[in-house]
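When a residue number appears, it is its place in the shown sequence, counting from 1.
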Amino acid sequence: MNGGVNKKSGGSKEEEQDGLSVHSPCKAPNSSASSLRKEQSQVDLELKLLEALEIYPPVKLRGIHRHFVLYGLTEYMRRSFNRQFSASDVLQMLDRFYNLEMLKADDEETGILNQVEEFSLPPSYFTKEES
């Protein structure tokens, strides 16, 4: 008569526990208590990372400031959670929100940064000091 929804006999896994079905949204399955804590801690991590991005914008992860910004993000996360975070941990979390491939340096940028030019002060600089 109940169409197999509430099977109270036969030892099925679908049995009611404490008057609620195991599929009831009011009661989480016993095994999900630890996963719920993990999900909450993951949400906390992501929120703190997003807060850190207000200080250290992801656009600065491109170019010569990349390592300084990444260090700032890891330090912010370390202070927030009182535990160590590696640069790869932070990059892995950032990868969930941003396409990090777009932030990698172009070959053209790398070439410009590696150029070495000869520098010397103009002769007029030395003549002014002598006078």
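Evaluation of the side-chain hydrogen bond (donor to acceptor under 3.5 Å, both in side chains) rule for Ser88 yields Ser86 as partners, not counting sequence neighbours. Partners of Asp44 according to the side-chain hydrogen bond (donor to acceptor under 3.5 Å, both in side chains) rule, which considers only residues two or more places apart in sequence or in another chain, are Gln40. Taking the side-chain hydrogen bond (donor to acceptor under 3.5 Å, both in side chains) definition, one finds that Glu51 meets it with Lys48, Tyr76, sequence neighbours left out. Tyr71 pairs by the side chain to side chain contact (heavy atoms under 4.5 Å, CB included) definition with Thr74, Glu75, not counting sequence neighbours. With sequence neighbours left out, the side chain to side chain contact (heavy atoms under 4.5 Å, CB included) criterion links Gln92 to no other residue. By the side chain to side chain contact (heavy atoms under 4.5 Å, CB included) test, Asn82 is found to be paired with no residue, residues two or more places apart in sequence or in another chain being considered. Residues passing the side-chain hydrogen bond (donor to acceptor under 3.5 Å, both in side chains) test with Arg83, sequence neighbours excluded: none.
The minimum heavy-atom distance linking Val90 with Met77 is given by the pair CG2-CG, 4.5 Å. The minimum heavy-atom distance between Pro57 and Val69, with the atom names listed, is O-CG1, 4.1 Å.
Hydrophobic clustering, with ILVMFWY side chains joined whenever heavy atoms are under 4.5 angstrom apart, groups Leu50 together with Leu61. The cluster map of Ile, Leu, Val, Met, Phe, Trp and Tyr, joined by side-chain heavy atoms under 4.5 Å apart, puts Leu100 and Val59 in different clusters.
Side-chain contact check for Glu46 versus Phe97: some heavy-atom pair is nearer than 4.5 Å. Looking only at side-chain heavy atoms (C-beta outward), Leu73 and Ile55 stay at 4.5 Å or farther from each other. Side-chain contact between Gln84 and Asp89: absent, with no pair of heavy atoms (C-beta onward) separated by less than 4.5 Å. Between Tyr98 and Leu91 there is no side-chain heavy-atom pair separated by less than 4.5 Å.
Grouping Ile, Leu, Val, Met, Phe, Trp and Tyr residues whose side-chain heavy atoms lie under 4.5 Å apart, directly or via other members, places Val43 in a hydrophobic cluster with Leu47.
The environment of Phe81 atom CZ is dense: over 12 non-hydrogen atoms of other residues, nucleotides or ligands sit within 6.0 angstrom.
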